[in-house]
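Before I ask anything, here is the structure I am working with.
Both backbone and side-chain heavy atoms feed into the values below; hydrogens, waters and symmetry mates do not. Numbering of ligands and ligand atoms starts at 1, following listing order. This chain uses plain numbering: 1 for the first residue, then up along the sequence.
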Amino acid sequence: MCGIVGYVGSKKIGSRLIEGLKRLEYRGYDSSGIAAISEKQLQFTKKVGRVKVLEQSTPKAYENATTGICHTRWATHGAVSEANAHPHMSSDGHFALVHNGVIENYTQIKSFLTTKGYTFASETDSETLVNLIAYHYDKEPEVKDGSRFLESVRKSLLHVEGTFGIAVISELYPDELVCARRGSPLIIGVGKEEHLIASDVNAITHCTQNVVYLNDNEIVHLNKDDFSISTISNVSVDAVIQTVDWDTSEAELGSFKHFMEKEIFEQPNALENGMRGRFSDDGSTAFFGGLNLSPQELQQVDRLVFIACGTAWHACLIAEYLIERYARIPVEVEYASEFRYRNAPLDKNTLIIAISQSGETIDTLSALKEAKRKGYKTLSINNSVGSSIARECDGGIYQHAGPEIGVASTKAFTSQVMLCSMLALYFGRSRNLSYADGCEIVRALKQLPELTKKTLETTEQVQKIAKKYAHYEDCLFLGRQMMFPIALEGALKLKEISYIHAEGYPAAEMKHGPIALISEQCPSVFLTMNGEMFQKTLANIKEIKARKGAVICIAPEKCDLPKDAVDDLIQIPDAHDILLPILMSIPVQLLSYYIALERGCDVDKPRNLAKSVTVE
Ligand code: F6R
């Protein structure tokens with residue numbers, strides 16, 4: 001989704017800003033722009049399409065500038081066009097602004113400013129804010145000069161309803177930058193004789209590893225040597241400088257063609273990193289340093305509510321099966337966007353758990369805030385250290401899966417599922433799960449990285465199957481019990497990167513409607529487990545075959561499928577049930593990836609999608 005990068009320092013913005021912007025490309029965008037104070041004047045360039053186009057069109061003169069802001073836009077208000085791209089200029093030409101978020105009362109602000117003679121070149125909500133800043137600047141000449149720029153931004157924000165991460169520059173203050181946040185992330189990069197700001201830490205780490213995560217309703221005034229933080233209501237705030245602990249090379253492609261491919265193959269490591277140091281010495285349970293739950297609080301929990309969106313929501317569905325099975329605690333799974341506006345009755349011993357890769361998804365963050373407002377204890381499972389969700393929760397578990405750049409989530413998903421399995425073990429062992437059963441699960445989990453590596457050996461076979469099925473326009477994914485969420489995830493992966501219409505269903509539900517879709521034109525992918533459900537799933541496979549539907553089946557090696565029962569069989573290693581959702585996900589991800597490649601799709605930047613969804 002929209003990305004911001006800003007710079008004020010002693011170096012030239014050229015490489016620093018555009019490189020930062022390139023590092024935000026993975027988030028999804030449709031246009032981009034840059035503004036700089038060059039030759040004492042505010043200048044800007046905006047382009048529809050890729051950052052490469054912006055880079056090629058940016059005048060060379062900008063390279064000497066030492067103050068600038070830039071932006072990638074994902075359209076919300078108004079069409080994809082150069083006029084609507086950011087930065088936006090105030091109509092007096094003095095200020096430029098980039099904005100993430102939504103100004104909800106922009107029509108009122110715009111009407112007011114129109115009566116004062118301000119004019120608008122775009123359809124965006126953001127342009128009203130830059131004009132409001134110009135208005136407040138003009139209105140208050142008595143404010144002493146050093147802080148007049150900062151105060152005009154602060155005053156304007158007091159009138160804004162909605163969410164924002166903003167960065168503002170002014171030709172009247174060529175060596176300064178003002179930025180602020182509410183509901184939309186913003187991070188300061190602290191360098192030597194330079195400061196950067198960005199909406200995502202990835203856009204900063206090529207210049208510095210020292211960062212300050214801003215909190216909601218904070219405003220910052222920066223120059224090359226110094227910066228000061230205060231709240232929008234003008235209370236000064238102490239900055240806490242933290243060090244980013246990941247290696248920037250993790251965010252680079254290396255020998256892989258796409259980030260999605262790289263991240264699929266990183267799964268053995270990501271899983272290993274997520275479990276490291278989290279098993280008890282006696283090998284019978286898991287523990288997590290950051291949960292902040294006392295043994296008494298742990299005992300009192302009598303209901304868990306998981307909230308998330310998209311792929312992370314599918315991880316929650318698996319948590320529901322696992323926690324109910326191993327810990328016997330009732331679990332509910334809610335779409336964060338629905339939970340937030342529903343007045344769901346919860347009791348005081350309910351624990352809310354948010355799952356989010358980015359830690360910035362606005363629906364999940366808002367649902368979490370709503371739960372906190374009502375007094376519930378909140379935890380998160382999250383892959384982004386210092387993210388808004390991580391900071392909002394009472395406690396949490398970091399995934400340590402490394403940065404995920406591909407828009408389609410892969411390694412973050414399997415890592416979330418693994419941590420949910422470990423959470424089920426942790427809750428289970430604090431209740432009725434026996435020592436012996438705990439040890440068996442720990443032994444199984446420790447084999448996971450190796451079994452994941454082995455499952456990746458199906459790649460070549462999956463690639464061939466992908467070629468055979470890439471031309472279909474519809475596809476069903478079917479599975480029972482813990483395989484049902486994987487069916488949902490398989491359908492989501494396929495549709496988001498290959499634009500094939502796909503649906504996931506519990507296999508038995510097929511007879512209640514979706515079977516009407518089955519024909520030679522609609523293949524099905526069955527996710528099959530051994531055990532009590534096997535014969536029933538086999539019956540469902542036969543129902544599809546009887547209607548001429550092609551069947552791809554993914555199953556553990558020991559699954560006793562009759563010869564010729566399916567058209568294509570992908571075998572994964574035999575493993576403890578608790579591992580199967582993760583192992584099954586690997587061929588499902590590979591299938592979507594190779595089908596998308598066959599169809600010539602841009603796998604890492606699928607159309608209309610954003611990596612981190614920071615607007616409602
Ligand atoms: C799909 C995908 C999305 C995200 C969803 C939540 O591949 O990545 O469905 O899972 O937007 O994002 P996070 O986990 O960052 O909250």
field: Per-atom contacts, ligand 1 versus Val407 - under 4.0 Å to a heavy atom
entry: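 Once the distances to Val407 are compared, the set is 7 (O), 8 (O).
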
- prompt: Using the ring of each side chain (for Trp, its six-membered ring), is Tyr593 parallel, tilted or perpendicular to His258, with breaks at 30° and 60°?
  reply: perpendicular

query: Closest non-hydrogen protein atom to atom 11 (O) of ligand 1, residue and atom name please, with distance?
result: Val613 CG2, 4.2 Å

- prompt: salt bridge (Lys or Arg N to Asp or Glu O under 4.0 Å) with Glu297: which residues, sequence neighbours excluded?
  reply: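 Once residues adjacent in sequence are excluded, the partners of Glu297 under the salt bridge (Lys or Arg N to Asp or Glu O under 4.0 Å) criterion are Lys377.
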
query: Of all the non-hydrogen atoms in the protein, which one sits nearest to atom 13 (P) of ligand 1, and at what distance?
result: Thr361 OG1, 3.2 Å

query: Which residue owns the protein heavy atom closest to atom 2 (C) of ligand 1, what's the atom, and how far is it?
result: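 The protein heavy atom lying closest is Thr311 OG1, 3.7 Å.
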
message: With side-chain hydrogen bond (donor to acceptor under 3.5 Å, both in side chains) as the test, pick out the partner of Ser415 among Gln357, Gln399, Gln267.
response: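 With Ser415 as partner, side-chain hydrogen bond (donor to acceptor under 3.5 Å, both in side chains) holds for just one option, Gln399.
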
- prompt: So which heavy atom in the protein is nearest atom 7 (O) of ligand 1, and how far is it from that ligand atom?
  reply: Glu496 OE2, 2.5 Å

message: Heavy atoms only, cut-off 4.0 Å: how does Glu360 contact ligand 1, side chain, backbone, both, or neither?
response: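 It is neither; nothing of Glu360 touches ligand 1.
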
query: In the protein, what heavy atom is nearest to atom 14 (O) of ligand 1, and what distance, to one decimal place, separates them?
result: Gln357 N, 2.7 Å

message: I'd like to know if Arg182 pairs up with Glu161 as an ion pair, taking the criterion as any Lys NZ or Arg NE/NH1/NH2 lying under 4.0 Å from an Asp or Glu carboxylate oxygen.
response: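 No, this pair does not count.
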
query: Mind checking whether Thr410 has a heavy atom under 4.0 Å from ligand 1?
result: no

query: Are Glu370 and Arg373 ion-paired here, with the side-chain N under 4.0 Å from a carboxylate O?
result: yes

Atoms of ligand 1 close to Ala408 [distance to a heavy atom under 4.0 angstrom, numbered from 1]: 7 (O)

task: Fit a plane to each ring of His86 and His71, take the angle between them on a 0 to 90° scale, and name the class: parallel (under 30°), tilted (30 to 60°) or perpendicular (over 60°).
output: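 Ring orientation, 0 to 90° scale: parallel.
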
- request: Number the atoms of ligand 1 from 1 as they appear, then name those within less than 4.0 Å of a heavy atom of Ala312, with their elements.
  value: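 Here the atoms of ligand 1 in question are 10 (O), 14 (O).
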
- prompt: How close does the nearest protein non-hydrogen atom get to atom 5 (C) of ligand 1, and which residue and atom is it?
  reply: Cys309 O, 3.6 Å

query: Should the pair Glu332-Arg303 be classified as a salt bridge under the 4.0 Å nitrogen-to-oxygen rule?
result: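 Salt bridge flag = yes for Arg303 with Glu332.
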
query: Can Tyr472 and Ile595 be said to form a side chain to side chain contact (heavy atoms under 4.5 Å, CB included), step by step?
result: CA-CA 10 Å; Tyr472 288 99; Ile595 287 181; over 6 Å; no

Closest protein heavy atom to atom 15 (O) of ligand 1, given as residue, atom name and distance to 0.1 Å: Ser358 OG, 2.6 Å

